[in-house]
There are 2 protein chains.
Amino acid sequence: MPVAKGSTIDPARTRAAVLEAATPVLYERGLDGIGVAELCARIGVSKETLYRHFGTKDGLVQAILEARSERLTGWLTEAVAAAGDAPHDQLAAVFDALQRWYERPAFRGCAMVNASAQHHDDAVRAITARHLDRYLDLLTGIAARAGAADPGALGRQLLMLVEGATIVAAHHRTADTAGQARHAALTLLSAASAPDPP
Amino acid sequence: MPVAKGSTIDPARTRAAVLEAATPVLYERGLDGIGVAELCARIGVSKETLYRHFGTKDGLVQAILEARSERLTGWLTEAVAAAGDAPHDQLAAVFDALQRWYERPAFRGCAMVNASAQHHDDAVRAITARHLDRYLDLLTGIAARAGAADPGALGRQLLMLVEGATIVAAHHRTADTAGQARHAALTLLSAASAPDPP
DNA sequence: CTTAGATCGAACCGATCGGTACGATCCCTG
DNA sequence: CAGGGATCGTACCGATCGGTTCGATCTAAG
């Protein structure tokens, strides 16, 4: 889908349009799976414009990953907020949201994790680390509100479930991955917040 | 570490040596992070030899991933076998083995999952899918021996924990990731094999 | 209407890529 | 000792890569 033309020449708007159009292409093809020339042709923009706004292919990639991380965590945060006050329901909402993501035909796993597997670039790894930290904050908050004895540890366990479910969903498209992950997460939540058995 | 020279000229041995020497280099640098020329220089073999044995860079990559998947699952299978008959101990042994992997300085996540994130090549994706199936068989077996009501579902949940722990360990090197994953896995195991609460 | 900046399209650059070819060397086999 | 296959080192190939440059075109602002 080419960048909209004919609209007002507004550099900020052009930059945003390039970002939005390039995101699914690089996600589908892989960061090194498409050259700048073909990418520009696909999104309907000249190389000069792309380089003026992002300086470098890596610069574009980093901008895409930053935006995607914020959009994704914002999306999950809204799902949690819409689930009411019960930590159980909030956690279930996270995996229900993930399920909708996994079902999309274009789903190819977490873009940040994929990018870190491709480039060993420090900037990309930093973006991925921040992304996981955002997830961790969200999950640790749920764990804390549930009264877990060690919310940080439970949060990390839930983070592993989220990332693991994403990996499995990207490679085994058949079964109800998010539903199984949700069941596991709720089991961990209730086990961590229940009073110690005698 | 260059391929050992001076030894008997044995094509099968040369092939195995190339495979072994190239594995850590491609794992560290990424599949597209090093060219064939530099790779050959690093492992001390000529391009002609490499291409005669593997035909293509992709052929080498696939051979490496096949061998690595078998070695890795064999390693975990042995750890399980050495842990005795109790499913609880067998599952704990899996994560203890993972812990030793995560602690290695060269650890960079699962090579098969990383490769699938880089190439969208169907052959590579098939190898990764088989790799996850091997893990799943191992974990489902433990779940079945523990008397889980649905060993397949529990096995998939444990698989998500394994893969998620690997992702988290690759990006957050500080904390005791495998230990936390182990605790979560044992919680899921006991919850799934315990008689239903009244 | 004029002007300055944003964009386009295409040519162009040096570097690197995966893969091939070839003569020289080495080692095992007969 | 003679021959054949495995290996080496190097040169080479066409293609593609990320990135730059430039004149033409367009648009918004003065």
Side-chain angles (χ1 to χ4, degrees), chain A residues 1-22 25-26 28-65 115 118-124, chain B residues 1-22 25-26 28-65 115 118-124:
Chain A
M1 193 179 312
V3 171
K5 296 178 187 176
S7 61
T8 302
I9 288 191
D10 177 346
R13 206 172 298 265
T14 300
R15 190 192 138 100
V18 168
L19 210 58
E20 190 175 356
V25 178
L26 283 171
E28 177 199 350
R29 296 279 296 268
L31 303 184
D32 293 331
I34 188 172
V36 175
E38 187 183 352
L39 174 64
C40 286
R42 286 270 294 256
I43 68 182
V45 94
S46 68
K47 292 175 70 174
E48 180 168 359
T49 298
L50 190 148
Y51 278 103
R52 178 156 25 80
H53 283 297
F54 299 98
T56 283
K57 190 186 187 186
D58 283 344
L60 170 66
V61 166
Q62 291 164 24
I64 285 177
L65 294 177
Q118 300 174 53
H119 289 4
H120 292 175
D121 178 68
D122 285 341
V124 168
Chain B
M1 195 179 308
V3 171
K5 296 178 187 175
S7 60
T8 301
I9 286 192
D10 178 347
R13 207 171 295 265
T14 299
R15 191 191 138 102
V18 169
L19 211 57
E20 189 175 356
V25 178
L26 283 171
E28 176 199 350
R29 296 278 297 266
L31 302 184
D32 293 331
I34 188 172
V36 175
E38 187 184 352
L39 174 64
C40 286
R42 285 271 293 255
I43 67 183
V45 95
S46 68
K47 291 176 70 174
E48 182 169 354
T49 297
L50 189 150
Y51 277 104
R52 178 156 24 82
H53 282 297
F54 299 98
T56 284
K57 190 187 186 184
D58 283 344
L60 171 66
V61 166
Q62 292 165 23
I64 284 177
L65 294 178
Q118 300 174 53
H119 289 5
H120 292 174
D121 178 69
D122 286 341
V124 168

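Proteins come first, then strands; the chains are lettered A, B, ... in the order of their sequence lines, and each starts at number 1.
- Using a 4.0 Å cut-off, no side-chain N or O of A:Arg52 falls inside it from OP1 or OP2 of C:dA6.
- Between B:Ser46 and D:dT10 there is no side-chain polar atom (N or O) within less than 4.0 angstrom of OP1 or OP2.
- For C:dT7, the OP1/OP2 oxygens have a side-chain nitrogen or oxygen of A:His53 closer than 4.0 Å.
- Contacts of A:Ala115 classified as side chain to side chain contact (heavy atoms under 4.5 Å, CB included), with partners at least two apart in sequence or in another chain: A:Leu31, A:Leu65, A:Val124.
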Each nucleotide N or O in nucleotides 16-22 of chain C that has a protein N or O under 3.5 Å away: list the pair and distance.
unit_1: C:dG18; atom_1: OP1; unit_2: B:Lys57; atom_2: NZ; d: 2.6
unit_1: C:dG18; atom_1: OP2; unit_2: B:Val36; atom_2: N; d: 2.8
unit_1: C:dG19; atom_1: OP2; unit_2: B:Tyr51; atom_2: OH; d: 3.2
unit_1: C:dG19; atom_1: OP2; unit_2: B:Lys57; atom_2: N; d: 2.8
unit_1: C:dG19; atom_1: N7; unit_2: B:Lys47; atom_2: NZ; d: 2.6
unit_1: C:dG19; atom_1: O6; unit_2: B:Lys47; atom_2: NZ; d: 2.3
unit_1: C:dC22; atom_1: N4; unit_2: B:Glu48; atom_2: OE1; d: 2.2

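- Partners of B:Glu28 by side chain to side chain contact (heavy atoms under 4.5 Å, CB included), not counting sequence neighbours, listed by chain and number: B:Arg42, B:Arg108.
- Legend: side chain to side chain donor-acceptor pair (under 3.5 Å) pairs involving residues 43-52 of chain A, not counting sequence neighbours, sorted by first then second residue: A:Ser46-A:Thr49.
- The salt bridge (Lys or Arg N to Asp or Glu O under 4.0 Å) test applied to A:Glu20 returns no partner, not counting sequence neighbours.
- Per the geometry, CG belonging to A:Leu50 stands 15 Å off C1' belonging to C:dG9, to the nearest Å.
- Note: CZ (A:Phe54) to P (D:dT20) measures 15 Å, nearest angstrom.
- Among residues two or more places apart in sequence or in another chain, the side chain to side chain contact (heavy atoms under 4.5 Å, CB included) test is passed with A:Ala123 by A:Gln62, A:Asp121.
- The shortest side-chain heavy-atom distance between A:His119 and A:Asp32 falls under the 4.5 Å cut-off.
- For C:dC8, one of the phosphate oxygens OP1 or OP2 lies less than 4.0 angstrom from a side-chain nitrogen or oxygen of A:Thr49.
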